[in-house]
Amino acid sequence: MSDTSAGDWLRERLDDPWNATMHAVVPHGFPAYARILHPAIVRSLPDRPVPTYDEYDAMPEAERQALFDRFIDEPATWAETASAFGTTLHPLAQWQRIVRTPPDADWNLRLSPDGREFTGPMEGEVSPEMLSVIAGHLTTHTATPDAGFAALWEGRGGLVGHMGHGPSRAFLTFSDDPNHQAMLDRSVKDPFNNVFRKQTWQEGILAREISEGPRFRLPERDHVLFRGAITDFTRHDWVLDVPWRDRPAEEHGFEPSAQTPSILWPDDHAWVMVSEIDYDSTIVAGSTELVAAICADERLEAFPIPENADLTWDADEVNR
């Protein structure tokens, strides 16, 4: 959108400068708030624990490959994860505390005492199916379900084009022909190493007109703003029709996909949904009825949280 003033009301309700509460990105002033936890991934083996890094390294290649073929990867709730690690799930829980991450260790990949491997939730993204479930609740708690706004953070996944020497992202291609592979290697390296090369327009997912257009600016975050119907997101296949569908990736053989809106709201401002890029949960600010409906939905793992909730990485006081 060339006119981003439709989001001015939201900016006025954020804390600026940022502080320790969620209101750096989630607006103040709503009766209730829901925190929807993004699912994790759990990996297991049918007859033995998942090996540690050291055990992998000590394995012969054939044994290691045989294990890879037997891995079972499934979605995992935070409740299941807390049970596996003997920790407590509560509305303000933080993932690295749930999985008992030692100082300076990798919280995103942790082995539980029962021999399963847990991979942390996606940050700033939910699956199309999960968004459709959330949107189903959102559309029934607004008088304007067919008119609203979606804001996308501009920094994710080659969304916008730019002037430069190289693309926003690269789709790696490999070849058995050494001469062809050498040519591919040069095509990747040369634009970055030749400082005298003239900058050219590097395409993004969005058209150049949109890429160079105005931004919806919030503290520390700039967004591309779109207008449309909230009801569109109630479909599981909503990615097929949004203007930011990732068609360049499809041309390289990937399945249809699209970035989750970072912020979503209807014309009547009845609620706001925020999938902050650094959060492993999505926040919905709205009526008490909306929050109750979201938290009661068994397809979602959600909790009511208070205004001024602290969702920073070290805020979990229970699991210490």
Side-chain angles (χ1 to χ4, degrees), residues 1 3-38 90-94 123-126 131 134-135 137-145 147-155 214-227 230 233 260-297 300-318:
M1 290 182 59
D3 181 5
T4 63
S5 61
D8 289 350
W9 71 277
L10 191 151
R11 185 188 303 107
E12 294 166 0
R13 295 195 190 185
L14 298 180
D15 288 340
D16 187 12
W18 284 16
N19 56 32
T21 79
M22 66 180 176
H23 298 297
V25 293
V26 178
H28 283 280
F30 284 89
Y33 296 84
R35 183 188 183 200
I36 305 167
L37 304 175
H38 299 174
H90 60 96
L92 302 182
Q94 292 300 312
E123 295 180 342
E125 292 278 340
V126 298
L131 180 57
I134 298 170
H137 291 291
L138 299 178
T139 54
T140 60
H141 288 83
T142 172
T144 58
F149 297 88
L152 277 70
W153 178 56
E154 68 172 2
R215 295 290 187 266
F216 171 44
R217 302 190 186 282
L218 296 177
E220 306 295 332
R221 300 282 187 265
D222 288 347
H223 302 78
V224 183
L225 190 62
F226 295 89
R227 180 153 177 75
I230 306 300
F233 295 101
T260 302
S262 304
I263 312 172
L264 198 63
W265 74 88
D267 274 10
D268 65 359
H269 304 174
W271 47 260
V272 177
M273 185 200 82
V274 179
S275 287
E276 155 60 24
I277 60 171
D278 289 331
Y279 279 8
D280 50 20
S281 53
T282 290
I283 311 300
V284 172
S287 66
T288 54
E289 294 79 9
L290 170 59
V291 167
I294 288 173
C295 293
D297 192 328
L300 302 171
E301 191 173 25
F303 294 93
I305 57 175
E307 190 168 13
N308 294 309
D310 184 353
L311 299 180
T312 53
W313 71 274
D314 199 33
D316 188 342
E317 297 289 345
V318 176

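The analysis underlying the following values was restricted to heavy atoms, covering all of them including side chains, and did not include hydrogens, waters or symmetry mates. Numbering starts at 1 and runs along the sequence shown.
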Return the orientation label for the Phe216 and His223 ring planes: parallel under 30°, perpendicular over 60°, tilted otherwise.
tilted
Are any non-hydrogen side-chain atoms of Leu218 and Leu10 less than 4.5 angstrom apart?
yes
Backbone N/O of Ser281 and side chain of Arg35: donor-acceptor pair under 3.5 Å:
no
Which value, rounded to the nearest 0.5 Å, describes the distance between Thr312 atom OG1 and Asn19 atom CG?
10.0 Å
Apply side-chain hydrogen bond (donor to acceptor under 3.5 Å, both in side chains) to Glu276 and list each qualifying residue two or more places apart in sequence or on a separate chain.
Arg221
Which pairs count as salt bridge (charged side-chain N to carboxylate O under 4.0 Å, His left out) when at least one residue sits in residues 19-33, sequence neighbours excluded?
none
For the backbone of His137 and the side chain of Thr140, can you confirm whether one donor and one acceptor N or O come within less than 3.5 Å of each other?
yes
Does Ala143 offer a backbone N or O that forms a donor-acceptor pair with the side chain of Asp268 under 3.5 Å?
yes
Does the side chain to side chain contact (heavy atoms under 4.5 Å, CB included) test come out yes or no for Ile230 and Trp271, once each step is laid out?
CA-CA 12 Å; Ile230 306 300; Trp271 47 260; 3.7 Å; yes
Side chain to side chain contact (heavy atoms under 4.5 Å, CB included), that's the test. Do Asp314 and Gln94 meet it? Break it down for me.
CA-CA 7 Å; Asp314 199 33; Gln94 292 300 312; over 6 Å; no
Report yes if the side chains of Thr282 and Leu131 come closer than 4.5 Å at any heavy-atom pair, otherwise no.
no
Can you name the closest pair of heavy atoms from Tyr33 and Pro27 and give their distance?
OH-O, 2.9 Å
Do Val274 and Ser262 touch side chain to side chain, with heavy atoms closer than 4.5 Å?
no
For Asp267, all residues meeting side-chain hydrogen bond (donor to acceptor under 3.5 Å, both in side chains), sequence neighbours excluded
Arg227
Within-4.5 Å side-chain heavy-atom neighbours: Leu92 and Leu311
yes
Closest contact, heavy atoms only, Pro261 versus Ala150
CB-CB, 4.2 Å
Work out which heavy atom in Trp18 is nearest to a heavy atom in Val25; give both atom names and the distance.
CZ2-CG1, 4.2 Å
Which atoms form the tightest heavy-atom contact between Phe303 and Cys295, and what is the distance?
C-SG, 3.4 Å
Taking atom types as modelled and ignoring hydrogens, do the side chains of Trp9 and His269 form a donor-acceptor contact shorter than 3.5 angstrom?
yes
Residues which pass side-chain hydrogen bond (donor to acceptor under 3.5 Å, both in side chains) with Thr260, listed by chain and number, not counting sequence neighbours
Glu125
Give a yes or no answer on whether the side chain of His38 reaches the backbone of Glu123 with a donor-acceptor pair at less than 3.5 Å.
no
Find the distance between CD1 (Ile277) and CG (Leu152) and round it off to the nearest 0.5 Å.
11.5 Å
Verdict with supporting geometry, Thr139 and Phe233, side chain to side chain contact (heavy atoms under 4.5 Å, CB included)
CA-CA 9 Å; Thr139 54; Phe233 295 101; over 6 Å; no
Only pairs at least two apart or in different chains count here, so list each salt bridge (charged side-chain N to carboxylate O under 4.0 Å, His left out) that has a residue in residues 11-23.
Asp8-Arg11
Contacts of Thr4 meeting side-chain hydrogen bond (donor to acceptor under 3.5 Å, both in side chains) (sequence neighbours excluded), chain-then-number -> none
Is there a side-chain contact between Leu290 and Leu138, using heavy atoms and a 4.5 Å cut-off?
yes
Interatomic distance, OG@Ser275 vs CD1@Ile263, rounded to 0.5 Å, equals 9.5 Å
Any side-chain heavy atom of Val224 within less than 4.5 Å of one from Arg215?
yes
